[in-house]
2 protein chains.
Amino acid sequence: MNDNINKEAEIKKDGFPPTEVLYDLAELFKMFGDSTRIGILCALLNGEMCVYDLAELLGIGQSAVSHQLRLLRASGLVRARKDGKNVYYALDDDHVSSIFSQGMEHVMEGKHGDMA
Amino acid sequence: MNDNINKEAEIKKDGFPPTEVLYDLAELFKMFGDSTRIGILCALLNGEMCVYDLAELLGIGQSAVSHQLRLLRASGLVRARKDGKNVYYALDDDHVSSIFSQGMEHVMEGKHGDMA
DNA sequence: CCAACATATGAACATTTGCTCATATGTTTT
DNA sequence: AAAACATATGAGCAAATGTTCATATGTTGG
């Protein structure tokens, strides 16, 4: 069949990820690219937490947290466990921790040795 | 004075990054959270490139690339080197590579073993 | 110096995003 | 069963975002 549809793209790109992968990557990093969500992820590094406690820790509304948790779950970054009235969220991906710490290193380096 | 303004926040947060750091982290990851920018960063993993070539590789306008490169440079992720008419951009942060590959792993895992 | 080229930048515009508010769903307690 | 509590969700809205278009700036070759 016409497997030359994106041949042209693949040929010159030579090992460059296809558009679809770049799109998925961007979607993933978007999850880290909001202070509320990165706060949630960071909080969950220390173990699971329920929605209300997350809201209190981050100082924002329960609804906002819930909305963001839905996105994080859709991305496969967190999972939910229901226990009575509460729903406890936990990290569901090993990469979160390493991505987070790499980002933290970058941010921390910028804190001092900046003016060369 | 009232130095207890964010005392309450700091006390219970206990090791949780201050709001400012979370904000900076989010700003950093935002740079990875757009398919154009992640495409640029990915391209630069293989070495420096000029604006026009980036635009062609990514299949978008020169202006769009230029705008995004400005953001990437402001974030300290890329640096620019002028050579004649051209400006060559290169990665300027060791963490880009590891953040990128961690993200790629996450994306690739989602490609198959998804329906448990 | 002028034309062609490479990049940068500002303005305008459409889209996306993240919050709040109101309300729905589900659970425990009395 | 009713009240109190925890979470989820849809609508609406204001702010942020990314692209395009037009144009400015700077560079090389004739």
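In what follows, chains are A, B, ... by sequence order, proteins preceding strands, each numbered from 1.
- If you take CZ on A:R37 and CG on B:L25, they are separated by 13.5 Å, rounding to the nearest 0.5 Å.
- Around CZ of B:F16, the count of heavy atoms belonging to other residues, nucleotides or ligands within 6.0 Å exceeds 12.
- For C:dC19, the OP1/OP2 oxygens have a side-chain nitrogen or oxygen of A:Q68 closer than 4.0 Å.
- Of the candidate nucleotides D:dT19, C:dC19, D:dT7, D:dT7 has the atom lying nearest to any side-chain atom of A:Y52.
- Within 3.5 Å, no donor on the side chain of A:Q62 pairs with an acceptor on the base of D:dA6, nor the reverse.
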Give every pair of a protein N or O atom and an N or O atom of nucleotides 10-15 of chain C that lie under 3.5 Å apart, one pair per line with the distance.
from: C:dG10; atom 1: O6; to: B:H67; atom 2: NE2; distance (Å): 2.9

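- Across the protein-nucleic acid pair, B:D53 atom CG and C:dA6 atom C1' stand 11 Å apart, rounded to whole Å.
- Among the nucleotides C:dT17, D:dA8, C:dT7, the one closest to the side chain of B:C50 is C:dT7.
- Side-chain nitrogen and oxygen atoms of A:R37 include at least one within less than 4.0 Å of the OP1 or OP2 phosphate oxygen of C:dG18.
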Any N/O pairs under 3.5 Å between the protein and nucleotides 25-30 of chain C? List them or say none.
from: C:dG26; atom 1: O3'; to: A:K82; atom 2: NZ; distance (Å): 3.3

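- OP1 and OP2 of D:dT27 both lie 4.0 Å or more from every side-chain N or O belonging to B:N86.
- In the set D:dT19, C:dC19, D:dT7, the nucleotide with an atom closest to the side chain of B:T36 is D:dT19.
- Distance CG/B:L22 to CD1/A:I38: 7.5 Å, rounded to 0.5 Å.
- Note: B:F32 and A:F29 have tilted aromatic rings, judged against thresholds of 30 and 60 degrees for the angle between ring planes.
- Regarding A:M49, its CE atom lies at a distance of 17 Å from the C1' atom of D:dT7, rounded to whole Å.
- Not counting sequence neighbours, the partners of B:R79 by the side-chain hydrogen bond (donor to acceptor under 3.5 Å, both in side chains) test are B:D92.
- Of the residues listed (B:M49, B:R81, B:E48, B:K82), the one engaging B:V87 in a side chain to side chain contact (heavy atoms under 4.5 Å, CB included) is B:K82, and it is the only one.
- Counting non-hydrogen atoms under 4.0 angstrom, B:Y89 reaches the backbone sugars and phosphates but no base.
- Following rounding to the nearest Å, B:I60 (CD1) and D:dT17 (P) show an atom-to-atom distance of 17 Å.
- Taking only side-chain nitrogens and oxygens, B:S66 never comes nearer than 4.0 Å to OP1 or OP2 of C:dT9.
- Between the side chains of A:Q68 and A:T36, no donor N or O sits under 3.5 Å from an acceptor N or O.
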